[in-house]
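Working notes for the structure below.
Keep in mind that what you see is a predicted model, and the values were worked out from it rather than measured.
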Amino acid sequence: MTALMLVTVGTPLLGALLALRGRPAWLLRGLLSGAALPALLLAVVWIEGEALSLPYLFYGAVWSLDEPRRLFMLLTALLWTAAGIYAAGYTDRDGLRRFSVFWLLTLAGNLGLILSLDAPGFYAFFALMTFAAYGLVVHDGTRESQYAGRVYLIMALLGEMLLLVGLLMGSRAADSLMLSDLPRAVAISGDGALAAGLLWLGFGVKAGLPVLHFWLPLAHPVAPAPASAVLSGAMIKAGLLGWLLVLPLGEALPAYWSLPVASAGAIAALGGAAIGVCQQSPKAVLAYSSISQMGLMTVLLGAAMAAPRQAPVLVTVIALYALHHGLAKGALFLSTGLKLPAGARPRTLVWVLMALPALALAGLPFTSGAVAKLLAKSALPASPWWSVILGAGAVATTLLALRFLICMLGRTQRGANPPWVMPGWLLCTGAALLGAWWMPWTEVVGRDAAAIRDLILPSGEKILSLAWPLAVGGLIGGAAVWARRRPPPIPPGDGIVWLAALGDRGVALAQRGLAGYFALVGTGPADRAPRLEMLQRRAELGEDGARREAGLVFLVFVALIAGLLLW
């Protein structure tokens, strides 16, 4: 088992080295499709209690799995395998080597952070995954992808700095580098609230918390379809896993700890959906859907903080919810790169297989989404507030699913797909749709036959609780289509795009004001031309100065973080 852990992380790392040396295309395609298979085997055959000690790595690394980690490893390995098979046929020969290097490095980081029990190893692999993924975001080399890459890097650096300071503060309070010692120490430390806040925000950049989400709807649409699938399905779940590992869940906490977490989750769940239905690109709709779904998982995290006795069950429920969402969202992102077959029946079947994972996210009965929703409702504290948020989130998810399908209607091409594209998509879609039958929900409900049957084959009141949000969302969407009311267009990236537009408007107003001033003080038309030229030069200098000021603000922020670290 310990050897299998080494192979799990070593395979993509060795593959990245081979890709750097420009190995044959058939080998690179094989690495893309098979590098995550050892991780999948590890998640399936794992034996509780096995651990691997690596004293020569970092400050003494320890690798192992527990139940939440095993679920995240299962999701990550299965999604990366399906998306890798898809990528083997999707990526053209010219960009195959570059894509393979960043793909395999990102995969190694994603797998390594799941296995790491110590803070230095976890942070190192988290950083490897974060920065290697930049190559996937900008792979196409378009202007849009380069802009998205810049925003991604800025937000990634912000998250890494917050995370580093939070981990160091927590490790100092625990006098230990093991992640399992951090939650208790953070809960009782005098600086615990500050450390927990830094960790929550640091991981929140990856998870798409409100105001920290700007990179996500910019990066996901411009990345290649298989890269978008793992970015949204697996990588943002690394932030969720970080929360589950280091935040003091199960500890008696003040009420003000859970309130901002649950409130931010509710804002992300509903606000992400509200902006998502205004998108014009199917991948942008899916990106905001990921923000919305991560918001619902953040609400469950807040519930675990508010009810420490239910925290162990809620942690497993969150992991199961992440497993369901990752596979379904991965299948939807992969479907954006498909070409529809020529025949009417095969084309109808493809459309059905596209629609089912989207509706499963909203809790369609007899799917993994329904299992996840029922488990979440059964584990939540006895308060109507939590149920209202889940119900509203399900309605919002239904609207997003309908918006995604409408956007796909005018963008899906017809023709033959490259080899391996369709098998990869079918593998991911099949896992998402059939997941209700093999998801390890017995960790929550035990092995009671009646409880298992109620999850897999719900009836009566439970079907009604799952169906009404779908019906309400369908009615709202149908009414909008019937009335031919299009949602107002909102650019992907929302807030950061608006801030940039506001800055451009400010520069334009300043230019007009200076032009009016020179027109008033000028003595004649002959004097106006040189003055306008000087105005133009000053405007250009002003833009350069704005860039320098932005860099100065960033450096000041770095200095503040460094000061906090030293303190």
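Under the 3.5 Å distance criterion, the side-chain polar atoms of S263 are left unmatched by any main-chain donor or acceptor of P260. Formation of a donor-acceptor pair under 3.5 Å by the H139 side chain with backbone atoms of V137 is not found in this model. For the pair S228 (side chain) and H220 (backbone), a donor-acceptor distance under 3.5 Å is present. Between the side chain of S289 and the backbone N or O of V285 there is no donor-acceptor pair closer than 3.5 Å. A side-chain donor-acceptor contact under 3.5 Å links S33 to the backbone of G30. Here the side chain of S290 pairs a donor or acceptor atom with the backbone of L286 at under 3.5 angstrom. Formation of a donor-acceptor pair under 3.5 Å by the S292 side chain with backbone atoms of Y288 is not found in this model. Of the possible polar contacts, none joining the N417 side chain to the M422 backbone as a donor-acceptor pair under 3.5 Å is found. No donor-acceptor distance shorter than 3.5 angstrom exists from the side chain of Q310 to the backbone of A304, with no hydrogens or angles considered.
When side chains are defined from C-beta on, L115 does not count as touching L111, because their heavy atoms never get closer than 4.5 Å. Contact check for W420 versus Y90: no side-chain heavy atoms found under the 4.5 Å cut-off. When side chains are defined from C-beta on, L54 counts as touching Y56, because their heavy atoms get closer than 4.5 Å. For the pair V62 and L52, the minimum side-chain heavy-atom distance is 4.5 Å or more. Between L107 and V230, the closest side-chain pair of non-hydrogen atoms is not below 4.5 Å. P357 places a side-chain heavy atom less than 4.5 Å from the side chain of L433. Considering only heavy atoms from C-beta on, L466 comes within 4.5 Å of L374 through its side chain. Looking at M5 and L65, their side chains never come closer than 4.5 Å, going by heavy atoms from C-beta outward.
The two atoms that bring V101 and L20 nearest to each other are CG2-N, 3.8 Å, heavy atoms only. Smallest separation of non-hydrogen atoms from A264 and P210: O-CG, 3.5 Å. In plain terms, the two heavy atoms of W215 and V205 that are nearest each other are NE1-O, 2.7 Å. When every heavy atom of L332 is checked against every heavy atom of M354, the shortest pair comes out as CD2-O, 3.3 Å. Shortest non-hydrogen contact noted between A229 and L79 is O-CD2, 3.6 Å. The shortest non-hydrogen separation linking P217 to I291 is CD-CD1, 4.1 Å.
The side chain to side chain donor-acceptor pair (under 3.5 Å) test applied to D181 returns S176, not counting sequence neighbours. Evaluation of the side chain to side chain donor-acceptor pair (under 3.5 Å) rule for T8 yields no partner, not counting sequence neighbours. With sequence neighbours excluded, the residues that form a ring-ring contact (aromatic ring centres under 6.0 Å, His included) with H324 are Y321. Checked against salt bridge (Lys or Arg N to Asp or Glu O under 4.0 Å), R69 has the following partners two or more places apart in sequence or in another chain: D66. With sequence neighbours left out, F404 forms a ring-ring contact (aromatic ring centres under 6.0 Å, His included) with no residue at all. Residues meeting the side chain to side chain donor-acceptor pair (under 3.5 Å) test with S145, sequence neighbours left out: T142. D140 meets the salt bridge (Lys or Arg N to Asp or Glu O under 4.0 Å) test with no other residue; sequence neighbours excluded. Annotation: side-chain contact (heavy atoms from CB on, under 4.5 Å) contacts of A132 (sequence neighbours excluded): L105, T106. Judged as a side chain to side chain donor-acceptor pair (under 3.5 Å), and not counting sequence neighbours, the contacts of T130 are E160, K206. Contacts of R97 classified as salt bridge (Lys or Arg N to Asp or Glu O under 4.0 Å), with partners at least two apart in sequence or in another chain: none.
Atom OG in S100 sits 4.0 Å away from atom CG in L32 (nearest 0.5 Å). Atom CE in M297 sits 11.5 Å away from atom CG in L301 (nearest 0.5 Å). A distance of 7.5 Å separates CG in L338 from CG in L334, rounded to the nearest 0.5 Å. Here the straight-line distance linking atom CG of L164 with atom CE of M169 works out to 12.0 Å at 0.5 Å rounding. The structure places CG of L364 at 5.0 Å from OG1 of T367, a figure rounded to the nearest 0.5 Å. If you take CZ on R172 and CG on L182, they are separated by 12.0 Å, rounding to the nearest 0.5 Å.
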List the atom pairs, donor and acceptor, that lie under 3.5 Å between side-chain atoms in residues 236-246 and the rest of the protein, sequence neighbours left out.
residue, atom, partner, partner atom, Å
K237, NZ, S232, O, 3.1
K237, NZ, G233, O, 3.2
K237, NZ, H325, ND1, 2.8
W243, NE1, W200, O, 3.1

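Within 6.0 Å of CG on D92 lie more than 12 heavy atoms contributed by other residues, nucleotides or ligands.
Side chains of T2 and E50: a donor-acceptor N/O pair is absent below 3.5 angstrom, by distance only.
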Would you sort out whether V9 and W63 count as a side chain to side chain contact (heavy atoms under 4.5 Å, CB included), showing the intermediate values?
CA-CA 11 Å; V9 179; W63 293 359; 3.9 Å; yes
Would L198 and L163 count as a side chain to side chain contact (heavy atoms under 4.5 Å, CB included) here? Give the steps.
CA-CA 6 Å; L198 291 172; L163 180 57; over 6 Å; no
Side chain to side chain contact (heavy atoms under 4.5 Å, CB included) between V299 and I389: does it pass, once the steps are laid out?
CA-CA 8 Å; V299 169; I389 291 297; 3.9 Å; yes
Can you list the steps and then say if E67 with T316 is a side chain to side chain donor-acceptor pair (under 3.5 Å)?
CA-CA 8 Å; E67 190 55 35; T316 305; over 6 Å; no
Side chain to side chain contact (heavy atoms under 4.5 Å, CB included), that's the test. Do W425 and L353 meet it? Break it down for me.
CA-CA 10 Å; W425 174 67; L353 292 177; 3.6 Å; yes
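Note on residues 71-88: pairs passing side-chain hydrogen bond (donor to acceptor under 3.5 Å, both in side chains), not counting sequence neighbours, are W80-N110.
Aromatic pair F102/Y134: centroids not less than 6.0 angstrom apart.
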